[in-house]
Number of protein chains: 2
Amino acid sequence: MNSEDALSLGEETLTIAQMAERTGLSADTLRYYEKAGLIEPVRRSAGNQRRYAATDLDWVEFLLRLRATGMSIADMQRFARLRADGGATVADRLVVLREHRSGLGERIRVLQQNADALDEKIDHYERLLSPQPETERT
Amino acid sequence: MNSEDALSLGEETLTIAQMAERTGLSADTLRYYEKAGLIEPVRRSAGNQRRYAATDLDWVEFLLRLRATGMSIADMQRFARLRADGGATVADRLVVLREHRSGLGERIRVLQQNADALDEKIDHYERLLSPQPETERT
DNA sequence: CTAGAACTTGGAGTGCACTCCAGGTCAAAT
DNA sequence: ATTTGACCTGGAGTGCACTCCAAGTTCTAG
């Protein structure tokens, strides 16, 4: 009734379809990420199908956060490689994350400025639409 | 010494190179935007070279704001078409801008959440790096 | 046991937003 | 008169991040 087989020793695993559902990525994209080295080779069932572990899910969710904040695949590859290289790279990873965080802060700041400028433009259009409302403001 | 010729009647115009410099877009991109209909056909010199007016500059700067806030070329095309269609479309343009502004607000919000989550991850890494800070710093 | 759904692979195709190129024109300087 | 450099056009090429496909294998329900 469930997917217990050759490899599972009590660990709950997800098929690629289940992973896709939980992460919002397509199965194709999950395979693409793995091929690209963003995800370490996933464990397989006896019949060679992918079985994702909970740690894989956590990692993909973290990747999605990096992606959502504008990190390129290439940069995620670098980060994933550091992670794969083990605990000795923690300092390096911290540097990467701090840089990314700082760039993100800047981008949010700029976005907010542009939002403000857009608000002005919108005000301008609104004024165009209400030509002479006599008792306007005050 | 300057670019006064056949078409100019006191109006200051910019060559495509000058436009590129002022907007940060490449000359190629400026031509591409015009071909795509983002910019209305620019006036030409006697020798068929583009001469951008101040209003063109303003418009391109506005386009850049839309782009910076994530608007696609296709959506900018729709907006540009409304603008080209004249004053009767002001209400439509206002709707588009408001929608864009609202999506932008949401995206900033999400980005900020992701930034917060990144901060937590960074804290996590920092804790990994200072295992027994006994008399570490100070 | 078998049908059909879900999975596998390598590789081709897509959409976006440019970016580059070849071959030609035009203007200014030597 | 010619060289130099900025500009013109149409169209091809690029990089990114997927997305789709064909042909074959595996899994699961009946």
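Lettering of chains follows the sequences in order, A, B, ..., and the numbering in each one begins at 1. Quantities reported herein were computed from a predicted structural model and do not represent experimental measurements.
The CE-C1' distance, from B/M71 to C/dC18, rounds to 19 Å in whole Å. Rounded to an integer number of Å, the gap from OH of B/Y32 to P of D/dG11 is 16 Å. Between B/L14 atom CG and D/dC7 atom C1' there is a gap of 15 Å when expressed in whole angstrom units. Atom CZ of B/R43 is separated from atom C1' of D/dC8 by 18 Å (rounded to the nearest Å). Counting to the nearest Å, the C1' atom of C/dG11 and the CZ atom of A/R31 are 14 Å from each other. Rounding to whole angstrom units, NZ of residue B/K35 and P of C/dT19 are separated by 14 Å. Rounding to whole angstrom units, CD1 of residue B/I73 and P of C/dC16 are separated by 10 Å. Rounding to whole angstrom units, CG of residue B/L30 and P of D/dC7 are separated by 11 Å.
Closest to the side chain of A/Q49, from the set C/dC18, C/dT8, C/dC20, is C/dT8. When the nucleotides C/dC18, D/dT9, D/dG10 are ranked by their closest atom to the side chain of B/R67, C/dC18 comes out on top. Distance from the side chain of A/R50 is smallest for C/dT9 among the nucleotides C/dT9, C/dA17, D/dC20. Listed candidates were C/dT9, D/dT19, D/dC7. Nearest to the side chain of B/A17 is D/dC7. Distances from the side chain of A/D28 to the nucleotides C/dA17, D/dC21, C/dT19 place D/dC21 closest. The side chain of A/R44 lies closest to C/dT9, out of C/dT19, D/dG10, C/dT9.
Between the side chain of A/S72 and the backbone N or O of A/D75, at least one donor-acceptor pair lies under 3.5 Å. Judged by distance alone, the side chain of B/R101 and the main-chain N or O of B/L97 form no donor-acceptor pair under 3.5 Å.
Look at B/Y33 and you'll find a side-chain N or O under 4.0 angstrom from OP1 or OP2 of C/dC18. Within the structure, a side-chain polar atom (N or O) of A/S45 is placed less than 4.0 Å from OP1 or OP2 of D/dC27. In this structure, B/T15 does not reach the D/dA6 phosphate: none of its side-chain N or O atoms is under 4.0 Å from OP1 or OP2. The shortest distance between the side-chain N/O atoms of A/T29 and the OP1/OP2 oxygens of D/dA17 is not below 4.0 Å.
Ranked by how close their nearest DNA chain C nucleotide is to the 5' end, B/G47 and B/M76 are led by B/M76. In terms of position on DNA chain D, the residue among A/A74 and B/N48 whose nearest nucleotide sits closer to the 5' end is B/N48.
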Do A/R109 and A/E106 pass the side-chain contact (heavy atoms from CB on, under 4.5 Å) test, and can you show the C-alpha distance, the side-chain angles, and the key distance before you say yes or no?
CA-CA 5 Å; A/R109 232 172 44 74; A/E106 174 63 13; 3.2 Å; yes
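Checked for salt-bridge contact, B/R31 and B/E34 miss the test: no charged N lies under 4.0 Å from a carboxylate O.
Contact between A/T69 and B/N114 at its shortest, heavy atoms only, is CG2-CB, 3.4 Å.
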